[in-house]
Amino acid sequence: MSLLHFVIISPFLFAIFVPFVFKHFRRMHTGWFVLLLPVLLFIYFLSFISITSAEETVTKTISWIPSLGIDFTVKVDGLALLFALLITGIGSLVVLYSVYYLQKDKEQLNNFYVYLLLFMGAMLGVVLSDNLIVLYTFWEFTSFSSFLLIGYWYKREKSRYGAQKSMLITVFGGLSMLGGIILLYLMTGTFSMAEIIQQTNGIITHHLFIPAMLCILLGALTKSAQFPFHIWLPDAMEAPTPVSAYLHSATMVKAGIYLVARMSPVFAETALWVWLVAGFGIITLLWGSFSAVKQTDLKGILAFSTISQLGMIMTLLGIGGAALHFDSVKDSYYTVATVAAVFHLINHATFKGALFMVVGIIDHETGTRDIRRLGGLMPFMPITFTVAIIGTFSMAGLPPFNGFLSKEMFFTAMVRVLSMDILNMETIGILFPVLAWIASIFTFVYSMIIGFKTFTGKLQPEKLKKKPHEAPIGMLIPPIVLASLVLAIGFFPNVLANTIIAPAVAAIMPDFTMDVHISFWHGFNPELFMTFGVIAIGFLLYKTYPKWRVVYKIFPEKLSLNSLYDGALTNTERASRRITNTILTGSSRTYLLYLFVFFIIMLGSTLFIKDAYTFDISNISSIHIAEVILAVGICIVAISILFVKSRLTSIILLGAVGYSVSLFFVLYRAPDLALTQLVIETISVALFLLCFYHLPKLKKREERISFKFTNALISVGVGAIVILIGLSAHSNKLFESISHYYIENTYKEAAGKNMVNVILVDFRGLDTMFEITVLAIAAIGIFGLIKLRQQGGKKTENK
């Protein structure tokens, strides 16, 4: 195992020790122990900057399931390194912040940090895996661990609701993505992203190409909360603020962004990809910013703000894919969109992470996040106010902060769409700069609401649960660090230009080489005038918000996507309950009736439709009198079981049936099968007899059972279908029997002489293991029921 593989696994290993630290070192906050890991990982990934800056990659492989082409291949290029630094860097600050946010005496910190480490490891696995199946495994693990984090305060109904909602939507998208991965494998014969990219020109005309693209894109849209799948993100804000700062600003929601960026070399050469990615992105950008303004909860505003900003990055990745449709050197004219996407990815993580922490501080020190109750906090929380202003101004796209630079590049990309004469952009492509500009106005408005409605104006102490005061220095350090990065990147953006941004862009667009240079001033251009318009109109809308907020009442709550989701969930549960109550009558006979009728209809119709029934007696062995006598004897014994009145006699007769079947194997010269059958029957009879003592006594009673034609018809039908299938299977030899393989390889490959045992233990070892596991689970369940019954009996006696 390479060090890179160990780095991915290390959070999972670290999580094992967290409960022990929490239990035995109660005086120490568990977060101090956890903090060590992300800091070390961040320092480790910093060492790769010199490698990726030279446009080199590091690849390490461990064979996992080679027969299926699944290897645990880890690859560090510019894009993977960018996300790894965000995951570990922001993760370090979040853990430090949580030390002061979560009280060690009141919170189950062992659960929190285990969930957080599981998520960190899963995210590292997503961004560093080259094999798509491995990536998908970690992808679903992010959904599982985020479900646990969102529902951390599980006693709150809203926390459980938000966790369930995020799980259902993101897992639905993940299953779709798995379908797309399988389709890609069918086209390319590999799960390696690097190899798939090399085969792009050969699969772009394949009939499965578009379905694969749509399936994978659906997974990315759901994970990154793009419209209309964005509805899970606001409800996920019920998680503790450190979780929101980590998952919903820097990591999990950007997993979909990562997937789109990583798959762009494969799919971006189709017009549909460009339109879908950019189209969903621009709609999400506009709807998220418009919806954020009406929120009254600070985390609600930041939630819709995150949705909007993710839409902006998605739009840029879509438009950036247009560069792949040109062949000349001027392709770089459109790569500015991809550069802006990567740059804003970094900027968003800094200012949004800081703002989430600021909101957590406000909630922690005042007892509320409702902006209707807040105001006038600046004199009491000057440091928090300073961080909030830096974050909100950067989010609004104001100079000299880093958000201004990436927002200007975003406007540049949107303006250049107007000169694009491909992909039918000359038609409704005009909507991109228009919608982008309108969305930026609302972004300015909600940014001002966060910054000024909270900290300026009149203090309302009677509406606050706590007397406002500045947070402890430990809680202030992480947002101060992020705010400092906002300023540093704003003043010195080119420190990242060719060390972080350019290598990431090169990974997204491997056929393009460019030097990235970012500057504040580009003269009086359309982008600058768009910014002036955003500030002027945004300030006017902010000051007049009470007069025009009635516009939000135009959209009735009953017609919202949330209502649609809730209605679908409620109706599904109601329909399931109704079907369950109808079918589950408590009668075993009824359940068997359903199964057998389905069996007859499906298999009988398949035999008829496919004309699959054939009867060939040419290769059937002759039947001897001994076999006939034995078969008749088995039938007589089996039927006798139904009429005996003693349970002991029934067990003995049942064993006699099994032993008689083993005689058939003796007659057919199959000693391995005969021996196995005898062992199984002996064990089964012995277990029955051991349990016999604990079984309730049979009560003697007379009961007349009337003849039911329906039951007789179904029983005859099942028997007939099984006979027809058996005869057809014997008569149709579509391929050589696998028995020859076992005969030739049993002793040679497994060194065993009992063929049946070797098949069960060696050749089909996984099947046997899972069968044993199922039996073990059933045994544990039965044991639990017995214990519960015994406990119930004792309670009754005590009463």
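The structure presented is a predicted model; accordingly, all values stated were derived computationally and were not measured. This chain uses plain numbering: 1 for the first residue, then up along the sequence.
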Practice prompt. Please find out if less than 6.0 Å separates the ring center of F12 from that of F141.
Written response: yes
Worksheet item: With no hydrogens and no angle check, is any side-chain donor or acceptor of S92 less than 3.5 Å from a backbone partner on V39?
Response: yes
Discussion item. Once side chain to side chain contact (heavy atoms under 4.5 Å, CB included) is applied, do any residues pair with P461, and if so which ones, sequence neighbours excluded?
Written reply: L459
Worksheet item: Are the side chain of Y161 and the backbone N or O of A236 linked by a donor-acceptor pair below 3.5 Å?
Response: no
Worksheet, complete the sentence: Residues K466 and H364: closest non-hydrogen pair is NZ-O, 2.8 Å
Worksheet item: Cation-pi between R156 and Y154: NZ/CZ under 6.0 Å from ring centre and within 45° of the ring axis?
Response: no
Worksheet item: How many angstroms lie between CZ in F520 and CZ in F404, if you round to the nearest 0.5 Å?
Response: 6.5 Å
Worksheet item: Just by modelled atom types, is the T222 backbone N or O under 3.5 Å from a matching donor or acceptor in the Q226 side chain?
Response: no
Worksheet item: Between the main-chain N or O of G288 and the side-chain N or O of S308, is there a donor-acceptor pair closer than 3.5 Å?
Response: no
Worksheet item: When you measure from the side chain of S394 to the backbone N and O of G403, does any donor-acceptor pair fall under 3.5 Å?
Response: yes
Discussion item. Closer than 3.5 angstrom, by distance alone: can the side chain of N494 be matched with the main-chain N or O of I518 as a donor-acceptor pair?
Written reply: yes
Worksheet item: Y97 vs Y101 aromatic rings, parallel, tilted or perpendicular, using cut-offs 30° and 60°?
Response: parallel
Worksheet item: How long is the gap from OG1 on T384 to CD1 on I389, to the nearest 0.5 Å?
Response: 12.0 Å
Worksheet item: Centroid-to-centroid, F14 to F33, below 6.0 Å?
Response: yes
Worksheet item: Can you check whether A163's main-chain N or O pairs, donor with acceptor, with S166's side chain at less than 3.5 Å?
Response: yes
Practice prompt. State the CD1-OG distance between I501 and S53, to the nearest 0.5 angstrom.
Written response: 11.5 Å
Worksheet item: Taking the side chain from H29 and the backbone from L102, do they hold a donor-acceptor pair closer than 3.5 Å?
Response: yes
Practice prompt. Answer with yes or no after comparing the ring centroid distance for Y545 and W548 against a 6.0 Å cut-off, counting only values under it.
Written response: yes
Practice prompt. Tell me whether the centres of the aromatic rings in Y552 and F290 are closer together than 6.0 Å.
Written response: yes
Item to complete: Give a yes or no on whether a salt bridge exists between D297 and K299, defined as a side-chain N under 4.0 angstrom from a carboxylate O.
Response: no
Discussion item. Using a 3.5 Å distance criterion without hydrogens, assess whether the side chain of S129 forms a donor-acceptor pair with backbone atoms of V126.
Written reply: no
